[in-house]
Amino acid sequence: MRRSREAEQDVHDGTANEHRKLQQNYRRGNKEDHMKRYEPNIIEPKWQAKWAEDNTYGVTEDTSKQKIYASPMLPYPSGTGLHTGHVRNYSITDAVARFYRQKGFNTMSNIAWDAFGLPAENFAIKTGTPPAVSTANNIAYFKKQLLRLGMSYDWSREFDTSDPEYYRWTQWVFSLMYKRGLAYKAEKQQWWCDKCNTVLADEQVNASGKCWRHEGADDPEVTKKSVNQWFFKITDYADEILESTDALNWPEKIKTMQKNWIGRSEGTVVEFDLKGLGADKVKLDVFTTAVETIFGVTFMVLAPEHPLVAEYGQLAENSEEIDAYVQKAIRKSELDREMEKVKTGVKIEGLSAINPMNGNEIEVWVADYVMMGYGSGAIMAVPGEDQRDFDFATKYNIPVVFTTDRGEFTNYQEEIKPNKKAFMLANSGEFDGMNFEDGRKAIIEKIVSIGKGEARVQYKIRDWLISRQRYWGAPVPIVYCEEHGEKLVPEDQLPVRLPEVDNYVPDGKNSSVLAGVEEWVNTTCPVCGKPAKRETDTMDGYVCSTWYLHRYTDAHNDKQAFDPEKANYWFPVDFYFGGDHAVAHLLYIRFFQKVLCDAGLAKDREPIKQLVYNGYINAEDGRKMSKSLGNTVDPMDIIESGYGADALRVFELFIAPYDQDTSWNSKGVPGTYRFLNRLWTLTQEFIEQPKVESSKPKDQFRDIYKVAHTAIKKVTQDLESLSFNTAVAAMMGAVNDLYLIKVKDSYSNTDAWRFALESLAQLIGPFAPHIAEELWHELGHKDSVHLGHWPEWDEKYLVKNSVVYAVQVNGKVRGEVEVPAGADQKTVEEAARANGKVASYITGDPKKVIFVPNKLISFVV
RNA sequence: GGGCGAGUGGCGGAAUUGGUAUACGCGUUUGACUUAAAAUCAAAUGACCACAAGUCUUGAGGGUUCAAGUCCCUCCUCGCCCACCA
């Protein structure tokens with residue numbers, strides 16, 4: 001069940017060899033026999049057990065302390081387990097959580113399982129294993145991995161979203177939405193995946209028109225199907241979400257994507273009367289962002305799917321031609337239509353529209369360059385002012401009217417388009433001579449006054465489609481009664497439990513297998529008690545994950561989804577870590593938080609203070625890590641082969657800046673293991689030295705203190721700015737420096753060495769928590785280094801006694817000189833000119849001398 | 001077509017307001033230890049050059065400056081996102 005091993009045999013063999021080597025090293029290494037060796041597979045499980053026993057990472061709402069809430073995005077427990085690419089996200093989360101915990105913050109970090117979803121159901125269809133069983137197995141392995149990695153979660157708050165005790169409250173979330181008028185059922189054209197046999201949200205359809213779960217070359221494109229569906233009214237909050245996006249401390253990339261997704265544009269809805277084919281009383285609404293061009297409208301265009309096309313197209317003389325065009329256009333995917341360079345269309349003969357501003361009668365066309373999915377699916381075409389309309393008009397010999405006075409300009413792309421706003425209106429009746437802005441205002445006013453339209457804000461975002469025709473999800477808590485219609489299941493009757501079934505294959509007829517479970521479907525009406533039928537749709541997994549960050553704050557409450565007081569203590573989430581779901585999940589949780597606020601259940605209108613969005617780690621071959629390519633590495637293999645979780649975690653943080661994509665390197669973990677081993681050895685050797693009561697003043701150990709304080713400063717600042725890779729480099733540098741000092745001078749049990757080693761034990765805590773704890777205890781401490789132990793640096797040890805200046809002549813470095821700290825320009829200049837090599841480049845007096853304190857001196861000759 | 005990123009050794013990557021480019025790690029090479037290998041420790045490692053000296057080097061080309069990976073202009077490549085958006 002767990003995972004297919006064959007594909008990773010090579011990797012496995014490789015690590016097995018490493019394992020053998022390491023074991024030999026332990027047995028026959030040249031370290032003195034009595035010295036305790038660095039064996040992560042002994043110390044790591046030991047501390048993991050101790051932390052669990054002491055509940056080291058358990059938290060309560062301690063108002064006397066400042067809180068930090070740091071969480072990774074909850075994982076979907078797939079059958080393949082975590083690979084080393086996934087481990088990056090968890091390592092980053094844990095480094096930040098541990099850093100703040102060590103600094104004394106009341107820090108909460110958690111894990112939960114996003115357990116509902118299609119793969120478990122598909123696995124059930126294939127093998128007959130119930131989703132609940134395979135999901136539990138998968139969770140067990142994920143949990144084993146994360147425990148072995150030593151993540152500092154409050155495990156008492158763990159839950160999985162497919163547990164009735166959880167989805168009971170997911171159904172409560174639905175009720176909350178329903179009661180606030182934010183959940184509704186509607187018949188809409190929706191994306192449909194033939195492989196999943198279910199509808200998909202817009203966000204689940206990728207750029208090439210395929211389902212997010214079936215993106216392969218052989219997979220079919222999604223199609224449109226008309227289905228009666230449940231929606232959450234996210235559009236009610238579109239404006240607020242959009243407006244508050246800029247202020248978020250989130251990556252610009254994500255913010256831009258969300259803003260594009262909401263897609264706000266301000267414009268005008270204009271109503272055109274129709275004429276002919278018996279449509280004389282019918283109005284055609286169009287949306288335009290350039291209403292000032294309305295005098296230039298010479299034709300109207302309807303999208304092929306527009307309802308008026310179906311209605312009046314068949315009445316036209318050329319109905320066959322229209323029908324053929326529409327059929328062809330609908331078969332083409334939206335993507336194909338967009339790729340189409342040449343615009344095509346068909347005129348609806350006999351139908352015309354009346355321009356409300358000048359009464360002109362104009363043609364009505366069907367063309368697939370207009371999309372049903374935006375605006376009203378119809379446009380007023382202004383070929384004089386719009387390139388697309390112009391192309392179309394030219395092709396079909398439709399008149400062109402310019403509504404701007406362009407003077408001598410003739411080139412549209414080069415001259416007119418960029419300067420459009422500078423031209424005065426023309427051919428626009430009473431509005432001639434007005435500039436673009438005034439003209440627009442005046443024309444909108446006029447349209448409104450004659451009752452033919454209004455200003456409107458148009459969004460690209462649609463309401464959130466939440467229902468799925470699948471088994472393995474939280475049932476929508478609705479029943480249908482003949483007398484009372486659609487009724488919410490009362491809260492005290494939740495959860496609506498998923499019944500056990502034998503056959504998981506959906507019939508593809510717009511309903512899930514639940515529809516076939518009669519004893520479940522047949523229920524009673526909560527109002528009259530008479531027979532009623534259950535809703536058979538389940539909710540999209542994104543509904544489950546929309547409120548789980550709240551559940552963490554009160555994970556086992558059986559009276560309510562969460563206690564708002566507890567949630568308000570922890571919220572907003574200070575750091576949210578992930579590398580996926582740029583739009584969907586991250587938009588939904590913002591929406592939900594605002595709903596909670598309006599319902600009086602939350603106070604912060606934004607749930608996430610800082611989004612930490614990590615890049616991908618690709619496989620060593622440069623391709624994306626995936627089970628099907630056989631290029632994933634199981635972190636357990638690396639850990640168990642003797643390198644341990646700490647070395648793996650350090651490498652995950654060291655490999656590159658966290659937000660950058662990079663590639664796995666199988667030699668990397670041995671490298672970070674070496675580093676940890678050097679730190680280990682340094683500490684062990686120290687412990688074995690007899691304690692020295694030094695009579696030397698502290699200043700004699702200045703270089704040791706300097707190394708320690710430099711590292712403390714750098715690592716602290718780097719963690720604050722999430723620069724994990726340079727923090728690791730700084731610690732490596734410190735260890736290297738201490739080795740040099742050790743070799744050069746004596747190595748003895750002095751306060752200076754103790755300070756340096758204790759500092760490093762603390763600094764390494766967020767990165768390699770087990771060795772940190774072990775060394776901390778080896779150095780004589782009894783408590784956990786992870787609770788409230790973080791070193792502070794003292795600037796006085798960072799002050800240099802002497803400074804090395806670079807000496808430049810005409811901008812080129814020709815040498816360097818060492819002078820006492822604080823030397824003035826004259827001193828440095830003399831020292832520099834005393835340098836023979838420098839002097840050879842300077843003949844006579846320099847024209848100019850540039851002096852940069854503590855850096856360089858530059859002679860211009 | 002539009003928007004946003006990014007191009008630095010053999011590789012992953014460092015580099016305050018412009019101020020000694022290549023920190024740290026991997027890899028490679030040498031030495032110590034070892035019967036031997038591994039491990040460990042010490043050291044070398046951008047290119048050209050036998051060495052020194054010197055020259056060149058941050059995608060390409062120009063510019064500003066005493067000084068440019070960093071600022072400005074032109075261009076190339078790659079990645080991501082959006083896209084007949086009315």
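Keep in mind it's a predicted model, so treat the numbers as computed, not measured. First the proteins, then the strands, lettered A, B, ... as listed; each starts at 1.
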Undergrad: For B:G79 versus B:G54, give the span between their P atoms, rounded off to a whole number of Å.
TA: 43 Å
Undergrad: Just call it for A:I655: base, sugar-phosphate, or nothing, with non-hydrogen atoms closer than 4.0 Å on any strand.
TA: sugar-phosphate
Undergrad: Between B:G54 and A:Y841, is there an OP1 or OP2 to side-chain N/O distance shorter than 4.0 Å?
TA: yes
Undergrad: Using distance only, find each side-chain donor-acceptor pair of residues 649-657 of chain A under 3.5 Å and give its atom names and separation, not counting sequence neighbours.
TA:
from	atom 1	to	atom 2	distance (Å)
A:R649	NH1	A:D94	OD2	3.2
A:R649	NH1	A:L149	O	2.8
A:R649	NH1	A:G150	O	3.2
A:R649	NH2	A:D94	OD2	2.7
A:E652	OE1	A:R88	N	3.1

Undergrad: NA contact type, A:Q660, heavy-atom cut-off 4.0 Å: base, sugar-phosphate, or nothing?
TA: sugar-phosphate
Undergrad: Please tell me if A:K255 has a side-chain N or O lying less than 4.0 Å from either OP1 or OP2 of B:C82.
TA: no
Undergrad: With a 6.0 Å cut-off (strictly less than), is the heavy-atom count around NZ of A:K253, excluding the residue itself, greater than 12?
TA: no
Undergrad: Does A:V715 reach the side chain of A:F767, with side-chain heavy atoms less than 4.5 Å apart?
TA: yes
Undergrad: Pick one for B:G9: is it syn, with its angle within 90° of 0, or anti?
TA: syn
Undergrad: At less than 4.0 Å, is any side-chain N or O atom of A:Q808 found next to OP1 or OP2 of B:U20? Yes or no.
TA: no
Undergrad: Base, sugar-phosphate, or nothing for A:N736, non-hydrogen atoms under 4.0 angstrom?
TA: sugar-phosphate
Undergrad: Respond yes when some side-chain nitrogen or oxygen of A:R678 is under 4.0 Å from OP1 or OP2 of B:C41, and no when none is.
TA: yes
Undergrad: Quick one: is B:C85 close enough that its OP1 or OP2 comes under 4.0 Å of any side-chain N or O from A:R388?
TA: yes
Undergrad: Side-chain N or O of A:R264 versus OP1/OP2 of B:C85: is the shortest distance under 4.0 Å?
TA: no
Undergrad: Judged by each residue's nearest nucleotide on RNA chain B, which is more toward the 5′ side, A:A378 or A:N665?
TA: A:N665
Undergrad: Once the angle between the rings of A:H581 and A:H585 is folded into 0 to 90°, is it parallel (under 30°), tilted (30 to 60°) or perpendicular (over 60°)?
TA: perpendicular
Undergrad: Provide, to the nearest angstrom, the distance between the CG atom belonging to A:L648 and the P atom belonging to B:G25.
TA: 19 Å
Undergrad: Rounded to whole Å, how long is the line connecting atom CE of A:M732 with atom C1' of B:C24?
TA: 7 Å
Undergrad: Quick one: on RNA chain B, does A:V809 or A:F675 contact a more 5' nucleotide (nearest heavy atom)?
TA: A:F675
Undergrad: Look at the side-chain N and O atoms of A:K848 and state whether any lies under 4.0 Å from the OP1 or OP2 oxygen of B:C66.
TA: yes
Undergrad: Between A:K259 and A:D246, does any NZ, NE, NH1 or NH2 come within less than 4.0 Å of an OD or OE carboxylate oxygen?
TA: yes
Undergrad: With heavy atoms under 4.0 Å as the rule, sort A:V382 into base, sugar-phosphate or nothing.
TA: nothing
Undergrad: Any side-chain N or O of A:N854 less than 4.0 Å from the OP1 or OP2 oxygen of B:G19?
TA: no
Undergrad: Roughly how many Å apart are B:U35 and B:G13, using the C1' atom of each and rounding to a whole number?
TA: 41 Å
Undergrad: Given B:G13, is OP1 or OP2 found less than 4.0 Å from the side-chain N or O atoms of A:T662?
TA: yes
Undergrad: Side-chain polar contacts of residues 849-861 of chain A - donor-acceptor pairs under 3.5 angstrom, sequence neighbours left out - could you list them?
TA:
from	atom 1	to	atom 2	distance (Å)
A:S858	OG	A:Q808	OE1	3.4

Undergrad: What's the gap between B:C76 and B:G69 when it is taken at their P atoms, as a whole Å value?
TA: 23 Å
Undergrad: Convert the base pairs of RNA chain B into dot-bracket notation, remembering that pairs crossing earlier ones are written with [ ] and that bases paired across to another strand are shown as |; include only Watson-Crick or G-U pairs under 3.5 Å.
TA: (((((((..(((......[....)))((((((.......))))))(((.....)))..(((((..]....))))))))))))....
Undergrad: Looking at A:E795 and A:K713, does any basic side-chain N land under 4.0 Å from a carboxylate oxygen?
TA: yes
Undergrad: Between the base of B:C84 and the side chain of A:K343, is there any donor-acceptor pair under 3.5 Å?
TA: yes
Undergrad: Just to confirm, is there a sub-4.0 Å distance from OP1 or OP2 of B:A14 to any side-chain nitrogen or oxygen of A:N725?
TA: yes
Undergrad: Within the structure shown, what part of the strands sits under 4.0 Å from A:G263 by heavy-atom distance: base, sugar-phosphate, or nothing?
TA: nothing
Undergrad: For atom P, what is the distance between B:G19 and B:U70, given to the nearest Å?
TA: 11 Å
Undergrad: Any idea how A:W365 and A:F392 line up, ring-wise: parallel (<30°), tilted (30 to 60°), or perpendicular (>60°)?
TA: perpendicular
Undergrad: Is any side-chain nitrogen or oxygen of A:K855 closer than 4.0 Å to OP1 or OP2 of B:U16?
TA: no
